[in-house]
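Reading through the structure tokens given below for one structure.
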Amino acid sequence: MGAYREVGPAAGWLDMERRVLEFWRERRIFARSLQERAGAEPYVFYEGPPTANGRPGSHHVLSRVFKDVFPRFQTMRGRHVERKGGWDCHGLPVELEVERQLGISGKPEIEAYGIAEFNRRCRESVTTYLDEWERLTERIGFWLDTDAAYRTMDTDYIESVWWSLAELFERGMVYESDKVVPYCPRCGTALSSHEVAQGYGEVTDPSVYVRFPLADEPGTALLVWTTTPWTLPANQAAAINPDTAYALVEVGGERLVLAAALVERVLGEGARVVRTLGPEDLVGRPYEPPFGYVPGAHRIVAAPFVTTEDGTGIVHIAPAFGEDDMQVARDHGLDTPNPVDRQGRFTDRVPPVAGVFVKDADRALVEDLAARGRLLREQPYVHAYPHCWRCSTPLLYYAKPSWYIRTTRVRDRMLELNAGIGWHPEHVRDGRFGRWLEGNVDWAISRERYWGTPLPLWRCGTCADVQAVGSFAALRERAVNPPGDDFDPHRPHVDDVVLRCRACGDDAHRVPEVVDVWYDSGAMPFAQRHHPFAGQGDLEGRFPADFICEAIDQTRGWFYSLLAESTLLFDEAAYRNVLCLGLILDHDGQKMSKSKGNVIEPWTVLDRQGADAFRWYLLTGQSPWESFRFSLDVVDEAMRRFLFTLWNTYAFFVTYASLPDGWAPGDPAPPVAARPAMDRWILSRLDDTTARVTERMEAYDPTAAGRAVEDLVDEVSNWYVRTSRRRFWRSEDADDRAAAFATLHECLSTVALLVAPFCPFVAEEIHGNLVAAHDPAAPESVHLARWPEPGARRDEALEAGMTAAMEATSLGRSARKEARLKVRQPLAEAVVACPPAVAESVGGLAGVVADELNVKDVRFVTDPGELVEVTVKPNYRTLGPRFGKAMPRVAAAVAALDPAAAVRALDAGSAVEVEVDGGRERLADTDLLREVRPSTGYAVAQGGAIAVGLATALTPELEREGMARDVVRVVQNARRAAGLRVEDRIRLHLDGSGRVREAVDAHRGYIATETLAEALTVAHGAPFAGDHREETLVDGEPLALRLERVG
RNA sequence: GGGCGAUUAGCUCAGGUGGUUAGAGCGCAUCCCUGAUAAGGAUGAGGUCCCUGGUUCGAGUCCAGGAUCGCCCA
């Protein structure tokens, strides 16, 4: 049986956390929490891999805390929860960082530098901040197996990705196609739609209204509007909507064609409509292109996507530069000429701007149009335009060959599987994510970059047959020049491997692209286990995930790539539950950014307030999926409101349990049924809370779970301990004291279990000091313990009575304040006016109310009219459904009742009759709500059905007692000032005015007991000098005291 | 332009299935307590529940439209 470790003030919190971290390290608690659950039912968690080439921020703490809380909870529930870490290693961000370091920019410079050395540096760069990530992960208490972390750049990982792509290729799900893709000319690569999404920004483009003269009707021109003048040289057609009315108008001596609805908006009031035109008047007619450099059909076509929302209702079609345009070209057999090179510069097919970057060519091209009389008007146009998410270059929509996965073929299946996923919040399933899935397009997975998983496709130079390679063994088998055992599958080495074409036997070379990094991360369910190469059953109990958790911006990122790949490969969703998190904003709701200087570094919070406070705020501050308005202040609030309250209660327990006549676990205590109502009440609340927390955690709602504990801890601290304080140090009744200790001990040790997943440090501290130190059979760590089962001690009647007692106390205090009677002054009586049912429920708790209000007696009056006046109102909740439309007349009938008579009848157990619409209706007790109002004589406060009155008259005796309490307070302060310990005995001498001495004389015993005075002398001739002397006033009267320690 | 979400006290947030007088914490004011003490507590002030319509005996809650903010997509 061990002793308690002394508990200091909460100021030592950070030291406590460091101690706990050390304990976990030394005793290998995390590893053991897994070992001890070996063979148990698995609970599968997937870590969405971050990239370690940047420092972790507060938003990473957010996701890591939520990722931690459920695995901890499920482990305590008895599940085996592997938590394999992971790192996303490939991708453009890494390449860009290396480009910056090297001072180079763009693909030509990278290739001049050398791909081998470039990729070597990428490999180094990607682990730059690995140390800091691991330190942070440990410091915030995120239990993650970082030693066994998967890395998307590892050879085994890549081989699994190859396996999956070869599978899909063999099934005809991978194809190459010329499609228009968002393309970054600087990075020289196409971007996936989820990458595009990240880079929208406002830009001002020159929007131009251009004349396309009709070739068969001189003097008349189509009016075309575009915001990308640089696409005009590639024009192939002009599109109209077949369901829109067009107008031929005359303005300023020329004739123009545009949508009828837009005439006034575009041309003003000076335009005269000559004739309305339909599609039959326009489709198929030839026009003169804006520039003559690129040949083409140059005729009018019909396309349903054309709108009249802006522009002129006539759309210029450049098939190489727009997805819709490309579709029009396919539908009408148009060419798709592209006079722009891969760097976004015009080729010499457009001589005036050859070699110029397209966006920079806008000016020259517009001036050229103006000079030739083709430009009607130009005006700046502000709109959102996509930019490269890393280098901020405006993207071009650009036709180029790309590799695709035919995800559209499993779109409906993905929707089905999605319907079975537990989304938190629920609305994401059918809303944001569901809508996105419905609009699914084939996944463009190839990137013309360097640092990534190489696309495992080899194309024959002779017959163009393409083969997919699904393993390194297959690679070696088919290679003309098989690579060695230490083969690095990255570029450029893999590019050197030549295969023999299966069709014609000639040499086949790898296609140049690498794989979209989102494909890498979406492959983690199987690639992290080197599936299928690791052998039969390698995914058993590891797929699908029970739980994943990331920020809401992953909807189109990881959430999608996981689902898409698992549907394609395994026909199953990769995760059963997903928790979406909101963004971290600053206190004013602004995004945190370095340029605004409003970034809060996680280390700042951890070094000042600690991990538990950080975690508690994030987990319980608000719904996880809302934006977090984050600041040091909100963490402070969480800390004070909950953690310090818990700490103070814990410190209180240890202080008194440590005393010589204290209490230790295992010491005898009365059975719960024999303990006082206060004990049974808090244990009822404890059981209720345990059930509630369990239920909420199972529902992935840590916010409500945490708040339930918060409420309980508040009740323990501010009601149970406050009202029971004396039982811990001065109970004459040993059983009663033991009951109090045992009850509080159970509350604290159970709360430690309940909060272990949330704030694992303080939970460990409390468990260690209150449980593990005393019971050799107990788990040495709270995180090795089993989750508590709620007991069967719920007593709702008792809880209702306590609620009424609390309310009566609150009302009594309000009345005291009103009457300006401080609580230290005892009063003769409190009168509680309430219905009989309430009086009965409070029952044995009247003594609590009396203590709290410092009154000699609490008397219940249940007869209406005594102390208060009573009124009754209809209970709409019960009567509404019963009477419906007749409710207003029921309310009128209730108002006409004699309230006192009605209440007496109800209290006597009979119903009240009212007449409604000619019928007699019986109203039961629950159909009427009572309200009391103070009448006279007492200081009264009322709230709803309860009113409390205080007898305000003070007798000399009561005044003496009040003064005695004042004296005790002064002596206690003096004890503390003298540096005495709470259990030290003293000799005490008091002197003062006549009133003071009378009070002391009358309450000698009380004062001596309260102040642990073994000897108490009054007035004349102090028998000792006293280590501590003091002169002061009590209630305006002089008091002198001396005291000294004995023994 | 479309999708999704949000809007409740000065601030941060709660408010199953419509039903009494819309709650908490922080801050503020006035106090209390003083053996949990570099703590703790009470009482009070503070609200057009974004706006406008609608459904209903009854709307913070349901429906429609609008405003503002955020995210996502065009």
Side-chain angles (χ1 to χ4, degrees), chain A residues 7 9-11 193-194 196-198 200 307 309-310 323 383-384 386 425 427-428 430-436 438-439 551-553 555-556 582-583 585 587 589 591 617 620-623 625-629 631 633-634 636-638 640-642 644-645 647-656 703-704 707 710-711 714 717-718 721-722 725-726 728-730 809-810 812-818 820 822-824 852 873-881 883-891 928-931 941 943-945 968-970 972-973 975-976 980-983 1010-1012:
Chain A
V7 177
S193 48
H194 23 278
V196 175
Q198 297 181 49
Y200 272 83
T307 71
E309 267 160 19
D310 44 24
E323 211 173 323
H383 61 141
H427 60 72
V428 180
D430 299 323
R432 188 180 278 214
F433 194 65
R435 299 270 177 167
W436 152 261
E438 281 166 16
I552 186 77
D553 58 4
T555 313
R556 287 150 171 82
L583 280 84
L585 305 175
H587 190 260
K591 241 182 183 158
Y617 160 70
T620 69
Q622 59 176 72
S623 300
W625 42 85
E626 304 287 348
S627 298
F628 286 78
R629 293 198 168 201
S631 65
D633 284 348
V634 293
D636 254 327
E637 191 185 324
R640 277 201 310 271
R641 190 180 61 216
F642 176 67
F644 283 6
T645 307
W647 187 269
N648 282 337
T649 310
Y650 160 62
F652 172 88
F653 175 88
V654 171
T655 302
Y656 292 103
T703 312
R707 286 178 177 178
E710 213 167 79
D711 289 345
D714 185 64
S717 170
N718 289 324
V721 170
R722 199 177 79 222
R725 232 182 279 186
R726 304 178 54 84
F728 291 91
W729 71 77
R730 196 147 307 141
T809 303
S810 169
R813 276 198 269 259
S814 183
R816 261 193 185 270
K817 172 134 177 151
E818 193 67 28
R820 297 171 173 279
K822 57 187 179 182
V823 178
R824 211 182 305 128
E852 285 296 299
K873 295 167 92 174
N875 183 357
Y876 282 87
R877 194 164 217 155
T878 60
L879 297 176
F883 291 103
K885 279 188 207 294
M887 261 320 282
R889 294 183 296 281
V890 175
L928 293 172
L929 299 167
R930 325 163 174 215
E931 200 165 285
V968 168
R969 176 179 59 87
V970 169
Q972 302 290 30
N973 283 342
R975 284 180 55 111
R976 242 199 352 271
L980 298 187
R981 299 177 57 91
V982 294
E983 67 271 25
E1010 289 297 309
T1011 61
L1012 297 186

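Just so you know, these numbers use all the heavy atoms, side chains as well, and skip hydrogens, waters and symmetry mates. Order of the sequence lines fixes the chain letters, A, B, ..., with proteins taken first and strands second; residue numbering starts at 1 for each chain. Fair warning: this is a prediction, and the values are worked out from it, not measured in the lab.
To the nearest whole angstrom, the two P atoms, one in B:A59 and one in B:C51, are 15 Å apart. Taking the C1' atoms as reference points, B:A22 lies 8 Å from B:U8, given to the whole Å. Annotation: B:A9 and B:G5 have their C1' atoms spaced 24 Å apart (nearest Å). The same atom, C1', is picked in B:U7 and in B:G47; the two are 14 Å apart, to the nearest Å. Across the C1' atoms, B:G27 and B:U17 are found 36 Å apart, a figure rounded to whole Å. The same atom, C1', is picked in B:G40 and in B:C63; the two are 49 Å apart, to the nearest Å. For the P atom pair drawn from B:C11 and B:C57, the interatomic distance equals 38 Å after rounding to whole Å. One P atom belongs to B:U61, the other to B:G54, and the distance between them is 14 Å to the nearest Å.
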Could you write nucleotides 40-47 of chain B as a row of B, S and -, 5' to 3', where a protein heavy atom under 4.0 Å of any base atom gives B, of only sugar-phosphate atoms gives S, and otherwise -?
SSBB----

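The phosphate of B:C69 (OP1 or OP2) has no side-chain N or O of A:Ser627 nearer than 4.0 angstrom. Residue A:Arg432 places no side-chain N or O under 4.0 Å from the OP1 or OP2 atom of B:C72.
Residue A:Arg975 places a side-chain atom within donor-acceptor reach of the base of B:G35, judged by atom type and a 3.5 Å distance cut-off alone. Looking at A:Arg816, its side chain has no donor and acceptor atom pair within 3.5 Å of the base of B:C32.
Atom CZ of A:Phe883 is separated from atom CZ of A:Arg889 by 10.5 Å, given to the nearest 0.5 angstrom. Atom CZ of A:Arg816 is separated from atom OG1 of A:Thr809 by 11.5 Å, given to the nearest 0.5 angstrom. For the atom pair CZ (A:Phe728) and CZ (A:Arg726), the distance works out to 13.0 Å, reported to the nearest 0.5 Å. One finds the OG1 atom of A:Thr878 at 7.5 Å from the CG atom of A:Leu929 (value rounded to the nearest 0.5 Å).
Remark: A:Arg969 engages A:Asp966 in a salt bridge (Lys or Arg N to Asp or Glu O under 4.0 Å) (not counting sequence neighbours). Looking at residues two or more places apart in sequence or on another chain, you find no salt bridge (Lys or Arg N to Asp or Glu O under 4.0 Å) involving A:Arg435. Under the salt bridge (Lys or Arg N to Asp or Glu O under 4.0 Å) criterion, A:Arg877 pairs with no residue at all, not counting sequence neighbours. Under the side chain to side chain contact (heavy atoms under 4.5 Å, CB included) criterion, A:Ala891 pairs with A:Pro874, A:Tyr876, sequence neighbours left out. With sequence neighbours excluded, the residues satisfying side-chain hydrogen bond (donor to acceptor under 3.5 Å, both in side chains) with A:Asp714 are A:Asn718. Residues satisfying the side chain to side chain contact (heavy atoms under 4.5 Å, CB included) test with A:Ser627, not counting sequence neighbours, are A:Leu585. For A:Phe642, the ring pair (Phe, Tyr, Trp, His ring centres under 6.0 Å) test picks out A:Trp616, with sequence neighbours left out. Take A:Glu637 and apply the side-chain hydrogen bond (donor to acceptor under 3.5 Å, both in side chains) test, not counting sequence neighbours, and it matches A:Arg641.
The distance between atom CG of A:Asp553 and atom C1' of B:C72, rounded to the nearest whole Å, is 10 Å. Put simply, CZ on A:Phe642 is 16 Å from C1' on B:A24, counting in whole angstrom units. Note: CG (A:Leu583) to P (B:C69) measures 18 Å, nearest angstrom. The interatomic distance linking A:Leu879 (CG) with B:G18 (C1') rounds to 16 Å, in whole Å. Rounded to an integer number of Å, the gap from CG of A:Leu929 to C1' of B:U21 is 11 Å. Look at CD on A:Glu626: it is 12 Å from C1' on B:C4, rounded to the nearest Å. With rounding to whole Å, A:Trp436 atom CH2 is found 16 Å from B:C4 atom P. Here the P atom of nucleotide B:G23 and the CD atom of A:Glu710 are 20 Å apart, to the nearest Å.
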Could I get a table of every N or O pair under 3.5 Å where one atom is in the protein and the other is in nucleotides 59-62 of chain B?
none

Write down the protein N/O and nucleotide N/O pairs, taken from nucleotides 7-12 of chain B, whose separation is under 3.5 Å; answer none if there are no such pairs.
unit_1	atom_1	unit_2	atom_2	d
B:U12	OP1	A:Arg629	NH1	2.6

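Stem analysis of RNA chain B (Watson-Crick or G-U pairs, both distances under 3.5 Å, runs of at least three) returns B:1-7 with B:67-73, B:10-13 with B:23-26, B:28-32 with B:40-44, B:50-54 with B:62-66.
Residue contacts for A:Val721: at a heavy-atom cut-off of 4.0 Å it reaches a base atom on one of the strands shown. Residue-level contact check: A:Pro881 touches the bases, meaning some heavy atom is under 4.0 Å from a base atom.
A 4.5 Å side-chain heavy-atom check between A:Gln622 and A:Arg629 finds every atom pair outside the cut-off.
Taking each heavy atom of A:Ile552 and A:Arg432 in turn, the nearest pair found is CG1-NH1, 3.4 Å. Between A:Phe433 and A:Thr555, the shortest heavy-atom contact is CE1-O, 3.2 Å.
Two residues, A:Arg877 and A:Thr649, neighbour RNA chain B, and the one matched to the more 5' nucleotide by heavy-atom proximity is A:Arg877. Of the two residues contacting RNA chain B, namely A:Lys873 and A:Ala651, the nearest-nucleotide position lying further toward the 5' end is that of A:Lys873.
Set against B:G19, B:G35, B:G5, the side chain of A:His427 has B:G5 as its closest nucleotide.
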Step by step, work out the ring pair (Phe, Tyr, Trp, His ring centres under 6.0 Å) result for A:Phe644 and A:Trp647.
CA-CA 5 Å; A:Phe644 283 6; A:Trp647 187 269; 8.4 Å; no

